[in-house]
Amino acid sequence: MAGSKTYYLTTPIYYVNDVPHIGHAYTTLACDVLARFMRLDGYDVRFLTGTDEHGQKVEKSAMAAGIAPQEFTDRVSQNFRDLVGLMNYSNDDFIRTTEPRHVKSVQALWKRLQDRGEIYLGSYAGWYSVRDEAFYGEDELTTTPTGRKIAPTGAECEWVEEPSYFFRLSAWQDRLLAFYEQNPDFILPPGKRNEVVAFVKSGLKDLSISRTTFKWGIPVPGDEAHIMYVWLDALTNYITAVGYPETEGGDYAKYWPADLHMVGKDILRFHAVYWPAFLMAAGLEPPKRVFAHGWWTIEGQKMSKSLGNVIAPETLVNTYGLEQTRYFLLREVPFGNDGDFSHRAMVNRINGDLANDYGNLVQRVLSMIGKNCGAAVPQPGPFTEADERLLGSAHGLLDAVRREIQVQAFHKVLDTVWAVIGDANRYVDEQAPWALRKTDPARMATVLYVLAETIRHLGILTQPIMPAASARILELLGQGEDARGFDRLGPAGALVAGTPLPTPQGVFPRYVEDAKS
RNA sequence: GGCAGCGUAGCUCAGUGGUAGAGCAGGGGAAUCAUAAUCCCUUGGUCGGGGGUUCAAAUCCCUCCGCUGCUACCA
């Protein structure tokens, strides 16, 4: 079944100058859910994440720490690898831009661009602040009465020129616009797409793609005084990981172009403008989609080191639980929007959605089966209209959820699934199996069967979001690991009466506040 | 400044011409299988202000107010 359909998706590679926070965890989580979904749906998935390890900031940080840049990145990159275990990510690869495979790939891409006449040597000139180690635009500067140029930071700037290689980005403006036109879903969400299109329409200048002012980067082939612009280096990781420069056969032929690059909104331009331009210029196919998601605030405030409110993923997982954290991040906010993380909202989701709605549904049904049906899947009789209706909504979930997954609308996926959870809870109350136990045990068995079968669907479909908790639910229904794919949804994989079931145990505990103040 | 978007119930949002919606929060009730969970009913909005088009406007047009994003080379 796998083999024909492939799905290649990537997170950004994270800059090692930072420690992982909720934003990093969020980006990779969204990808993990997609990757798990597509695998369950029968796709051959390649899910890539990794770390971006070159650049001036890394060089400086390493120097400040008194160690070599490579040693520094080895150390900090590990923080992001640790995140994989903590958050239960299912990535197939973890790339580092300091790996030989990547250096080889980037240099090959450079040569290819150069051979095609897309790169030329020029000089980069601008107002440079030695103190800030940054260039500023003319309009950002203020001029003193004596004619000195002052940066917004207050630092004095001087006019400097340095040799630099340029990429002929200006030549790609029209072809980029045509590409956006022909691929209206290339950039999501739509608001972000409009911003990119407006930016490109406003005119593109050639892009400086080499640096001579520091050393920590990949050397330009044939001119080692230059190292490559970090974004050219970083973006190339997406093809390195599928074997570039080998493009005939192998993983490149199988997986490229990528189906999705997931990015934070701050790095959209690099992915939606520069990257497709680089690729088209090299005669390679651009990716199919770039999705720019939003940012999290914390209790209504912007996350910042100075405020000291940066949340480490580890804190969330330890405080609220992994499954709960994964659920909250994708449920609370329409994916693509900015969102706010608050303790109150988190507890509401944990107790309302998970413990009360979903967890309690599973518990009340399995517990009745355990007590009244000999701890085995009950034998159903003929289905009533109400039975068919509930089963029908369960059977219809996959198609509905697929539609939302295709546009990365995770919140709607959960909305859709929870609608069925609501249907199931109403059905329990309407059918009142506890009353049927005395009046019509056969009917009670049918009702509990219908509910168990509905829960089987819920368990299978919540696997991408909450893999561990869903696995536990499926175990409670006696469904082994080979019975959890989407091909088992619908009547084909229906529970078999008489299958023995383990004693039910709560899956989503309530969050109880510490007794205090 | 320019361009774009937003402003709908206490909160988060859906609704783009035809009698104001959902979830959560608040109030009342039912039930007792279950993690005191569930189910039903319900309070609550002059849809940012003003003007206009229309038989009819949250929805179209104008204007004002407020908020946000983008306006390239640190990543």
Side-chain angles (χ1 to χ4, degrees), chain A residues 12-18 52-58 60 124 126 132-137 139 164 166-167 169 189-211 214 229-234 264-270 273-274 292 294 300 331-334 337-340 342 344-345 348-372 411-412 415 418-419 421-422 424-437 444 447-448 451 504-512:
Chain A
I13 47 175
Y14 301 113
Y15 202 53
V16 292
N17 206 37
D18 215 351
D52 180 11
E53 312 193 351
H54 290 128
Q56 191 167 21
K57 282 188 185 174
V58 172
K60 281 176 63 182
Y124 183 68
D132 298 342
E133 297 188 42
F135 282 93
Y136 290 97
D139 52 354
S164 171
F166 283 83
F167 170 70
L169 183 64
K192 290 284 180 286
R193 173 196 138 89
N194 294 341
E195 286 180 6
V196 170
V197 170
F199 171 74
V200 173
K201 275 187 178 161
S202 77
L204 294 177
K205 292 188 280 188
D206 287 349
L207 187 67
S208 166
I209 52 166
S210 75
R211 298 287 185 272
F214 61 98
Y229 175 46
V230 196
W231 272 106
L232 177 59
D233 170 351
K265 61 182 184 178
D266 55 326
I267 56 173
L268 176 60
R269 171 181 309 145
F270 302 99
V273 181
Y274 301 168
R331 166 69 253 217
E332 181 67 6
V333 174
N337 289 10
D338 288 345
D340 182 56
S342 73
R344 167 120 183 119
N348 275 347
R349 290 293 181 191
I350 291 174
N351 289 343
D353 297 0
L354 294 178
N356 297 352
D357 292 344
Y358 192 14
N360 184 54
L361 170 69
V362 172
Q363 186 65 17
R364 69 198 299 208
V365 169
L366 293 182
S367 146
M368 279 187 274
I369 290 175
K371 288 174 189 166
N372 305 311
H411 59 296
K412 288 189 185 170
D415 217 32
W418 253 253
I421 290 175
N425 270 321
R426 269 184 291 280
Y427 173 89
V428 177
D429 278 51
E430 284 161 11
Q431 301 297 324
W434 52 89
L436 294 169
R437 184 166 63 95
M444 175 198 72
V447 166
L448 292 177
L451 284 163
Q505 290 176 338
V507 176
F508 296 110
R510 290 181 65 78
Y511 182 92
V512 182

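Reminder, nothing fancy here: chain letters follow the sequence lines and each chain counts from 1. Just the heavy atoms: all of them, side chains too, but no hydrogens, waters or symmetry mates, feed the values below.
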Is there side-chain contact between [X] and [Y], with heavy atoms separated by less than 4.5 Å?
| X | Y | value |
| --- | --- | --- |
| A:Arg331 | A:Asp353 | yes |
| A:Phe508 | A:Ile350 | no |
| A:Phe167 | A:Tyr229 | no |
| A:Val447 | A:Leu436 | yes |
| A:Asp52 | A:Val16 | no |

Could you measure between the two [atom1] atoms, the one in [N] and the one in [M], and give it in whole Å?
| N | M | atom1 | answer |
| --- | --- | --- | --- |
| B:G21 | B:U46 | P | 15 Å |
| B:A58 | B:G48 | P | 10 Å |
| B:U43 | B:G28 | C1' | 10 Å |
| B:G5 | B:U63 | P | 15 Å |
| B:G29 | B:U16 | P | 38 Å |
| B:C60 | B:G69 | C1' | 25 Å |
| B:A14 | B:G52 | C1' | 28 Å |
| B:G44 | B:A37 | C1' | 27 Å |

Margin query: Both A:Asp353 and A:Val230 contact RNA chain B. Taking the nearest nucleotide for each, which residue is further toward the 5' end?
Written below: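 Per heavy-atom nearest nucleotide, the more 5' residue is A:Asp353.
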Given atom [atom1] of [X] and atom [atom2] of [N], what is their separation to the nearest angstrom?
| X | N | atom1 | atom2 | value |
| --- | --- | --- | --- | --- |
| A:Asp266 | B:A72 | CG | P | 16 Å |
| A:Lys205 | B:U71 | NZ | P | 13 Å |
| A:Asp338 | B:C6 | CG | C1' | 13 Å |
| A:Tyr124 | B:A72 | OH | P | 11 Å |
| A:Asp206 | B:A72 | CG | C1' | 13 Å |
| A:Asn194 | B:G69 | CG | C1' | 12 Å |
| A:Leu207 | B:A75 | CG | C1' | 14 Å |
| A:Tyr427 | B:C40 | OH | C1' | 19 Å |

Counting Watson-Crick and G-U wobble pairs only, both distances under 3.5 Å, name the nucleotide matched with [N], or none.
| N | result |
| --- | --- |
| B:G7 | B:C65 |
| B:U54 | none |
| B:A30 | B:U38 |
| B:C73 | none |
| B:G21 | B:C13 |

What does [X] touch in the nucleic acid at a heavy-atom separation under 4.0 angstrom: a base, only the sugar-phosphate, or nothing?
| X | result |
| --- | --- |
| A:Gly300 | nothing |
| A:Leu204 | base |
| A:Trp418 | nothing |
| A:Asp415 | nothing |
| A:Arg211 | sugar-phosphate |

Next item on the list: State which of B:A75, B:A72, B:C24 makes the closest approach to the side chain of A:Asn348.
Entry: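 The listed nucleotide nearest to A:Asn348's side chain is B:C24.
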Notebook entry, point to check: Of all the choices, B:U71, B:A75, B:A25, which nucleotide is nearest to the side chain of A:Phe199 once you look at every atom?
Noted result: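 Selected nucleotide (nearest to the side chain): B:U71.
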Next item on the list: Would you give a per-nucleotide map of nucleotides 29-39 of chain B, 5' to 3', where B means the base has a protein non-hydrogen atom under 4.0 Å away, S means only the sugar-phosphate does, and - means neither?
Entry: --SSBBB-SBS
Note to self: For the CG atom of A:Leu169 and the CG atom of A:Asp206, what is their distance to the nearest 0.5 Å?
What the structure shows: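 A:Leu169 CG to A:Asp206 CG: 7.0 Å, rounded to 0.5 Å.
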Item checked: Value rounded to 0.5 Å, distance of CE in A:Met444 from CD1 in A:Ile369 ->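 A:Met444 CE to A:Ile369 CD1: 9.0 Å, rounded to 0.5 Å.
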Note to self: Taking NZ in A:Lys265 as the centre, count heavy atoms belonging to other residues, nucleotides or ligands within less than 6.0 Å. Is the count above 12?
What the structure shows: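 Yes, NZ of A:Lys265 has more than 12 neighbouring heavy atoms, counting only those of other groups under 6.0 Å.
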Notebook entry, point to check: Do A:Arg364 and A:Asp429 sit within salt-bridge range, that is, some charged N less than 4.0 Å from a carboxylate O?
Noted result: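 Answer for the salt bridge query: yes.
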